[in-house]
Enquirer: 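My structure is below; once you've seen it, I'll send some questions.
Per chain, numbering begins at 1; letters A, B, ... match sequence-line order.
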2 protein chains.
Amino acid sequence: MPDALHRCTYDCHTHFVPRAFPRYAGKGQDVPWPQMDGAGCGHGQVTISGKPFRKVSAAAWDGTLRQEDMARSGVDVQVVSPMPELLSYWFSADDGATMCDFLNQEISALVRSAPERFVGLGAVPLQDPERACRALEELMRDASFRGVEIGSNINGVPIGDASFAEFFATAERLGAAIFVHALKPVGDERITGPLSLRAMLSFPCEVSFAIGSAITGGLLTRHPYLRIAFSHGGGAFASVLPRLQHAWRSIDSIRALVAEEPIAIARRLYFDTLVYSPELLGHLVGQIGAERFLAGSDFPFDIADRDPVGSVRVALSRAEADMILHDNAQRFLGTRSEISSPPVAAR
Amino acid sequence: MPDALHRCTYDCHTHFVPRAFPRYAGKGQDVPWPQMDGAGCGHGQVTISGKPFRKVSAAAWDGTLRQEDMARSGVDVQVVSPMPELLSYWFSADDGATMCDFLNQEISALVRSAPERFVGLGAVPLQDPERACRALEELMRDASFRGVEIGSNINGVPIGDASFAEFFATAERLGAAIFVHALKPVGDERITGPLSLRAMLSFPCEVSFAIGSAITGGLLTRHPYLRIAFSHGGGAFASVLPRLQHAWRSIDSIRALVAEEPIAIARRLYFDTLVYSPELLGHLVGQIGAERFLAGSDFPFDIADRDPVGSVRVALSRAEADMILHDNAQRFLGTRSEISSPPVAAR
């Protein structure tokens with residue numbers, strides 16, 4: 001345990017799966033509502049439409065198991081967001097709202113069980129942006145939550161699309177942190193082999209498309225106080241940014257499309273550190289700046305970085321690592337006083 | 001001009017567009033066959049189905065203009081491949097073969113006009129892999145060519161698909177170099193704004209999917225002597241590789257899908273240097289090794305790196321830059337004696 005709250009070590013990319021799902025009680029037919037089956041050996045099996053979707057460790061729902069792992073890996077606080085495949089944008093808005101409410105109640109219960117160890121990022125039914133705004137207002141009244149996780153796309157529509165403008169305005173007004181996670185990625189038709197390769201081959205591209213959409217859609221220009229983070233170190237954006245920057249500088253028609261220099265926009269986004277390469281993390285931090293990175297592990301899934309603290313420390317200077325492990329998370333979550341926030345008159 | 005051929009400076013990523021296209025003479029209806037209109041000021045306008053596709057500099061077809069630019073940028077030899085959007089996989093095999101033959105004749109004429117300054121990579125109608133094999137055999141009898149450019153996908157089918165196995169076997173047998181270029185990328189539905197952003201936001205992902213497909217499709221395992229290069233520094237593969245490598249090491253089911261450690265496969269591929277960032281190029285070379293990189297500019301298009309030699313020199317050590325600017329191209333093209341080639345008995 002940290003001796004003072006402000007030196008807590010945060011893991012900002014951890015996921016939650018509930019121990020069980022309520023039975024489907026909506027009005028739809030053949031809705032691919034998840035259920036949880038026992039899988040033995042401390043695991044559960046998430047089943048969707050009768051097919052096994054993912055086997056998950058009981059640490060996905062059990063706060064005691066989570067804290068045992070945190071003690072092992074030197075994490076003081078987990079920022080806990082839903083397993084993205086539970087975000088339920090593909091259900092009716094009513095069904096989506098039911099699932100989001102349930103997930104939020106469960107995450108809130110986990111946070112309340114150890115409020116100094118867990119911070120929640122909830123879920124909102126973004127298939128109905130207006131309803132998502134109301135849900136976000138309600139969520140932010142619960143002290144368990146500092147914001148929400150959203151998908152990199154909402155039923156295929158990228159997050160920079162104008163249809164989500166009111167939602168991001170609401171998040172900015174409420175000071176809600178937004179964590180954008182790869183979800184239902186593009187590119188299945190480009191995979192040679194089973195779709196389990198998506199998580200490796202497609203997720204980085206999907207995250208990069210979400211960042212590109214945020215940039216070309218003018219999200220940060222419209223909402224300068226929005227605190228928004230992207231999973232997997234921003235994925236392929238590491239390769240896209242210099243290309244976009246070069247085009248913006250050298251091609252008039254591209255400059256006409258993007259209000260600000262792309263690198264300047266990128267430096268107002270947050271990214272997690274989950275890139276599995278100290279060299280790549282060092283490169284990213286060198287390009288974007290250590291103050292924009294948040295430690296992340298993908299706990300408790302198979303692909304997780306089992307040593308998210310060590311991965312940051314080995315890649316970076318002590319000052320950079322300290323910033324990433326301690327301070328940045330509080331700034332992103334809005335729990336630190338020097339966070340950038342709109343002057344009261346602008347609210 | 002270099003004092004000795006082996007110290008020539010190569011630009012391996014330059015494109016060709018013919019001064020004019022033959023009239024469409026095939027059997028199709030409403031075939032989107034390109035035509036070239038004058039655009040004034042030393043430019044032509046490629047028009048497809050009556051719509052302007054791209055304005056191109058006369059340097060796209062004019063060897064004298066190309067050599068003037070080469071003198072300016074310190075390039076001794078351009079490796080010349082078709083503008084990828086001319087690869088014509090979307091036509092009938094007959095129409096595609098007609099276009100490929102025409103492009104190959106025109107590139108061959110350019111190379112023959114100054115054989116010490118230009119090396120050709122031709123086009124083959126890969127929508128009919130068997131026909132593409134015969135076309136490759138014919139092409140490689142023309143000393144103007146050292147191989148071919150292919151798209152990152154063939155009408156949506158990624159290059160690692162089994163349907164192209166015979167083509168790659170033929171390329172390996174003939175010692176033909178393969179340059180894989182981003183083409184008709186995935187992800188249009190993820191772009192907020194006009195599709196002109198594809199070149200920035202989607203190309204890096206598309207190239208990475210092609211590399212992923214080559215790896216999970218076992219291309220290099222099946223064809224260990226194949227010399228294959230990927231455009232744009234491999235694009236998003238910089239971010240995909242460590243994730244794939246981590247998954248391969250930590251998840252049994254992923255290891256079962258890929259015959260070799262992904263990093264070991266990556267180190268048998270070639271990549272160009274066209275990443276617009278000395279820091280990113282330095283990172284890539286550090287990960288993969290300088291011996292796998294080829295200087296590339298995207299000449300003569302708007303997005304081109306106008307100083308491909310300087311971009312390599314500023315990013316890397318002198319020894320690394322020398323390797324990339326001089327030796328690697330000859331190894332990739334098969335014009336250097338120490339190239340890896342199958343023992344005679346294995347052919």
Enquirer: Count the heavy-atom pairs under 4.5 Å between each of Ala162(B), Pro194(B), Cys205(B) and chain A, then report the option with the highest count.
Expert: Cys205(B)
Enquirer: Enumerate the side chain to side chain donor-acceptor pair (under 3.5 Å) contacts for residues 208-218 of chain B, please, sequence neighbours excluded, ordered by first and then second residue.
Expert: Thr192(A)-Ser213(B)
Enquirer: What is the distance from atom CG of Leu197(B) to atom OG of Ser253(A), rounded to the nearest 0.5 Å?
Expert: 8.5 Å
Enquirer: For Gln245(B), is it the side chain, the backbone, both or neither that has a heavy atom under 4.5 Å from a heavy atom of chain A?
Expert: neither
Enquirer: Any sub-3.5 Å donor-acceptor pair from Arg190(B)'s side-chain atoms to Gly156(A)'s backbone N or O?
Expert: yes
Enquirer: Enumerate by number any residue of residues 230-243 of chain A whose heavy atoms lie under 4.5 Å from heavy atoms of chain B; in the absence of such residues, state 'none'.
Expert: His232(A), Gly235(A), Ala236(A), Ala238(A), Ser239(A), Val240(A), Pro242(A), Arg243(A)
Enquirer: Going by residue number, which parts of residues 294-301 of chain A are within reach of chain B, meaning a heavy-atom gap below 4.5 Å?
Expert: none
Enquirer: So do Gln287(A) and Ser277(B) actually touch side chain to side chain, heavy atoms under 4.5 Å?
Expert: yes
Enquirer: Under a 4.5 Å heavy-atom cut-off, does chain B meet the side chain of Ile251(A), its backbone, both or neither?
Expert: side chain
Enquirer: Tell me the closest heavy-atom pair linking Phe209(A) and Ile191(B), and the distance in Å.
Expert: CE2-CG1, 4.5 Å
Enquirer: Give the member of Gly218(B), Gly160(B), Gly193(B) that has the highest number of heavy-atom pairs under 4.5 Å with chain A.
Expert: Gly160(B)
Enquirer: Under a 4.5 Å heavy-atom cut-off, does chain A meet the side chain of Ala210(B), its backbone, both or neither?
Expert: neither
Enquirer: Which answer fits Ser202(B), side chain, backbone, both or neither, if we ask what part of it has an atom under 4.5 Å from a heavy atom of chain A?
Expert: both
Enquirer: Glu189(B), His283(B), Glu206(B): which one forms the most heavy-atom pairs within less than 4.5 Å of chain A?
Expert: His283(B)
Enquirer: Using a cut-off of under 4.5 Å for heavy-atom pairs, which of Leu284(B), Asp302(B), Leu280(B) has the most such pairs with chain A?
Expert: Leu280(B)
Enquirer: Shorter than 4.5 Å, heavy atoms on both sides: which option in Ala214(B), Ser250(B), Gly282(B), Ala199(B) has the most such pairs with chain A?
Expert: Ala199(B)
Enquirer: Spell out the residues in residues 254-276 of chain A that have some non-hydrogen atom less than 4.5 Å away from a non-hydrogen atom of chain B, in order of number; otherwise answer 'none'.
Expert: Ile254(A), Leu257(A), Val275(A), Tyr276(A)
Enquirer: Heavy-atom pairs under 4.5 Å with chain A - which of Gly187(B), Ser152(B), Gly212(B) has more of them than the others?
Expert: Gly187(B)
